[in-house]
Amino acid sequence: MKFFVDTADIEEIRDLAATGLVDGVTTNPSLVAKSGRDFFEVLKDICAAVPGPVSAEVTATDEGGMIREGEKLARIAKNIAIKVPLTWDGLKACKYFTNHKTMVNVTLCFSAAQAILAAKAGATFVSPFVGRLDDVGQDGMQLIAEICTIYRQYNYFHTEVLVASVRNPMHVVYAAKMGAHVATVPPAVLKQLVQHPLTDKGLATFLADWQKTGQKI
Ligand code: G3P
């Protein structure tokens, strides 16, 4: 499973990239606004910090505008993936970028029907938002199960399921159980993945017992 970091905070990204466990980054207009930085500048820094795919979202809603904006974003770095919303214009822009060998992340996916369209449009990634479905009383992970099952039926679907809107470590675990290709995870949740109180307790006991031996390695 690939781990992307879901943030535009360059310090968080650099910190987590140093673990060697980060395979890419996703941003969106809200995350960029939260960073308080110039969009193009922060994307340049992120693309330099992480060699994997870095999603940069267009803000136009028409096909022509998405293509114009996406072409500007694609010029920032080779690892830019253009993020477009799951709308008819977004799907048309997706096909354009796919035909021009530019990575595309089709975002704001909330149904299996939408995910089928994203695969047919040749998207590199489709981003189903599990947390936002959970937030409205629907089962976000059920959608991941459906999409993974559908995609496995067609060997000519090459779109990777990029689980987004992740709220907790169990979203990551369940997504992995279902064979989702990628999880894009907020830094706080990524850091939670490593934590377990029994690990801490066990390590403390090992070290205390070792200290009693008076030995050094
Ligand atoms: O960046 C896409 C997605 O991960 C955002 O999720 O619901 O936390 O805003 P959310």
Side-chain angles (χ1 to χ4, degrees), residues 1-13 16-17 21-37 39-40 42-43 45-47 49-50 52-61 66 69-70 73 76 79-87 90-91 93-94 97 103-112 114-115 118 123-144 147-148 159-176 178 180-193:
M1 179 181 231
K2 287 179 267 189
F3 282 175
F4 290 5
V5 185
D6 195 30
T7 184
D9 181 324
I10 188 62
E11 293 313 318
E12 286 276 22
I13 291 168
L16 289 165
L21 299 176
V22 171
D23 302 298
V25 176
T26 52
T27 70
N28 63 44
S30 302
L31 292 172
V32 172
K34 191 176 173 187
S35 78
R37 292 190 59 195
F39 189 21
F40 288 83
V42 73
L43 281 175
D45 288 348
I46 295 173
C47 289
V50 176
V54 175
S55 291
E57 191 161 342
V58 297
T59 56
T61 54
M66 289 178 189
E69 290 183 4
L73 295 173
I76 293 171
N79 54 328
I80 284 280
I82 305 302
K83 220 180 190 184
V84 295
L86 219 155
T87 61
L91 293 167
C94 176
F97 287 116
M103 289 188 285
V104 183
N105 178 359
V106 178
T107 190
L108 289 168
C109 174
F110 293 97
S111 75
Q114 287 180 321
T124 314
F125 306 105
V126 64
S127 291
F129 281 30
V130 295
R132 293 194 192 184
L133 283 167
D134 291 355
D135 291 346
V136 295
Q138 294 183 26
D139 184 349
M141 294 317 301
Q142 178 58 33
L143 174 60
I144 302 304
I147 296 171
C148 290
T159 301
E160 294 192 353
V161 180
L162 193 166
V163 179
S165 190
V166 166
R167 296 276 197 274
N168 56 64
M170 289 319 294
H171 275 161
V172 178
V173 170
Y174 287 132
M178 291 169 196
H181 305 85
V182 189
T184 191
V185 191
V189 177
L190 204 49
K191 291 170 186 171
Q192 279 179 285
L193 291 174

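Counting starts at 1 for both ligands and their atoms, following the listed order.
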Do you know the tightest heavy-atom contact between [X] and [Y]?
X      : Y      : answer
Val166 : Val163 : CG2-O, 3.8 Å
Arg37  : Asp45  : NH2-OD2, 2.7 Å
Asn105 : Ser127 : OD1-OG, 2.7 Å
Val58  : Pro85  : CG2-CD, 4.5 Å

If only side-chain N and O atoms count, and only distance matters, is there a donor-acceptor pair under 3.5 Å linking Asp9 with Ser35?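 Note: Ser35 and Asp9 side chains miss the donor-acceptor criterion.
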Ser165 neighbourhood, listing ligand 1 atoms whose heavy-atom distance to it stays under 4.0 Å: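 Near Ser165, the atoms of ligand 1 are 3 (C), 4 (O), 6 (O), 7 (O), 10 (P).
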If you count the atoms of ligand 1 from 1 in the order shown, which ones are under 4.0 Å from a heavy atom of Asn28?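 So the atoms of ligand 1 that pass are 1 (O), 2 (C), 5 (C).
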So, taking the atom named CG in Leu73 and the one named CD1 in Ile80, what distance separates them when rounded to the nearest 0.5 Å?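 Result: 6.5 Å between the selected atoms.
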I'd like to check whether [X] has a polar contact with ligand 1, where a contact means an N/O of the residue lying under 3.5 Å from an N/O of the ligand.
X      : result
Thr184 : no
Arg132 : yes
Arg167 : yes

Atom 4 (O) of ligand 1: nearest protein contact (heavy atom, Å):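 Heavy-atom neighbour on the protein nearest atom 4 (O) of ligand 1: Asp6 OD2, 2.6 Å.
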May I ask you to identify, for Lys83, whether its side chain, its backbone, both or neither come under 4.0 Å of ligand 1 on a heavy-atom basis?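 Contact part for Lys83 vs ligand 1: side chain (C-beta onward).
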